[in-house]
Amino acid sequence: MLKKGERGITGIDISIAIIIITIFMSMVANLIANINLNSKSIQRKTIATSYAIQEIEKIKAKGYAENYNNKGIDTEDIIEESDILDTNGKFSGYHKKILIKDYVLIQNDNTKRQDLVKEIRVEISYKLGNESKNISISTYISRE
């Protein structure tokens, strides 16, 4: 009776194991890359939202400023457009634009009265990879 030794592993077993490990590792690497990209995206969006809220709070604290008069009546006007600097005075990667427009025109005796309520919108833009992203928050300021 011939008895064959069945000890060890064959070449086909090794190649199948390597293929399965390679597929598994590529899936894990792809998952890690996607998690990292989503984390960066959420972090950048959170910072942009924070900048927008800070600008809105500054505008609300000032109230209705006289330089809002005659702005944004027909179309949106730009009040301010600039890059946001970090604490060291370097460009932080965020750009802000503050826009103003009349929110409502009130009619009294067939005449339109403007400059009573203004909509002020803060837009923060930034780049994420090759894509440009934008956060926009608005508030309303009324004349007292």
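Counting from 1, the numbers follow the sequence of the chain as shown.
- To the nearest 0.5 Å, the span separating CD1 on Ile20 from CE on Met25 amounts to 14.5 Å.
- In terms of hydrophobic clustering, with Ile, Leu, Val, Met, Phe, Trp and Tyr side chains grouped at heavy-atom distances under 4.5 Å, Ile135 and Ile56 are assigned to a common cluster.
- To the nearest 0.5 Å, atoms CD1 (Ile137) and CD (Gln54) are separated by 10.5 Å.
- Panel note: side chain Ser39, backbone Ile35; no donor-acceptor pair is recorded below 3.5 Å.
- Salt-bridge formation is not detected for the pair Asp77/Lys101: no Lys NZ or Arg NE/NH1/NH2 atom is positioned less than 4.0 Å from an Asp or Glu carboxylate oxygen.
- The hydrophobic cluster containing Ile73 does not contain Ile141, counting ILVMFWY residues as joined when their side-chain heavy atoms lie under 4.5 angstrom apart, directly or transitively.
- Going from atom CD1 of Ile47 over to atom CD1 of Ile42 covers 12.5 Å, rounded to the nearest 0.5 Å.
- Salt-bridge formation is detected for the pair Glu55/Lys96: a Lys NZ or Arg NE/NH1/NH2 atom is positioned less than 4.0 Å from an Asp or Glu carboxylate oxygen.
- Below 30°, between 30° and 60°, or above 60°: for Tyr94 and Tyr51 the angle between ring planes is above 60°, a perpendicular geometry.
- Here the side chains of Glu57 and Lys62 are not in contact, with every heavy-atom distance at 4.5 Å or above.
- Val117 and Tyr68 fall into different hydrophobic clusters, defined by Ile, Leu, Val, Met, Phe, Trp and Tyr side-chain heavy atoms under 4.5 Å apart, directly or through other members.
- A donor-acceptor contact shorter than 3.5 Å is absent between the side chain of His95 and the backbone of Tyr126.
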Taking it one step at a time, do Leu116 and Asp102 satisfy side chain to side chain contact (heavy atoms under 4.5 Å, CB included)? CA-CA 8 Å; Leu116 292 177; Asp102 257 352; over 6 Å; no
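- To the nearest 0.5 angstrom, Ile120 atom CD1 is 10.0 Å from Ser138 atom OG.
- For Asn130, the CG atom counts as loosely surrounded, since its 6.0 Å shell holds 12 or fewer non-hydrogen atoms of other residues, nucleotides or ligands.
- If you chain together ILVMFWY residues whose side-chain heavy atoms come under 4.5 Å of each other, Ile78 ends up grouped with Leu99.
- Under the 4.5 Å side-chain heavy-atom criterion for grouping Ile, Leu, Val, Met, Phe, Trp and Tyr, Ile12 is not connected to Ile21 through any hydrophobic cluster.
- Counting heavy atoms from C-beta outward, Ser92 and Lys90 have side chains that stay 4.5 Å or more apart.
- Interatomic distance, CD of Glu76 versus NZ of Lys71, reported as 13.5 Å (0.5 Å rounding).
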Side chain to side chain contact (heavy atoms under 4.5 Å, CB included), that's the test. Do Ile79 and Ile59 meet it? Break it down for me. CA-CA 11 Å; Ile79 297 177; Ile59 291 167; over 6 Å; no
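- Taking the side-chain hydrogen bond (donor to acceptor under 3.5 Å, both in side chains) definition, one finds that Tyr64 meets it with Asn69, sequence neighbours left out.
- Tyr140 and Ile100 are assigned to two separate hydrophobic clusters, defined by single-linkage of ILVMFWY side chains at heavy-atom distances under 4.5 Å.
- Counted within 6.0 Å of NZ on Lys45, heavy atoms from surrounding residues, nucleotides or ligands total 12 or fewer; the atom is thus considered open.
- Residues Glu119 and Arg121 are not paired through a salt bridge, judged by the lack of any N-O separation under 4.0 Å between the basic side chain and the carboxylate.
- Residue Ile32 holds its CD1 atom at 14.0 Å from CG of Leu37, rounded to the nearest 0.5 Å.
- Judged by distance alone, with hydrogens and angles left aside, the side-chain atoms of Ser132 form no donor-acceptor pair with the main-chain N or O of Lys127 at under 3.5 Å.
- Heavy atoms from other residues, nucleotides or ligands lying under 6.0 Å from CZ of Phe91 number more than 12.
- Scanning all heavy atoms of the two residues, the minimum distance from Arg44 to Gly93 falls at NH2-O, 3.7 Å.
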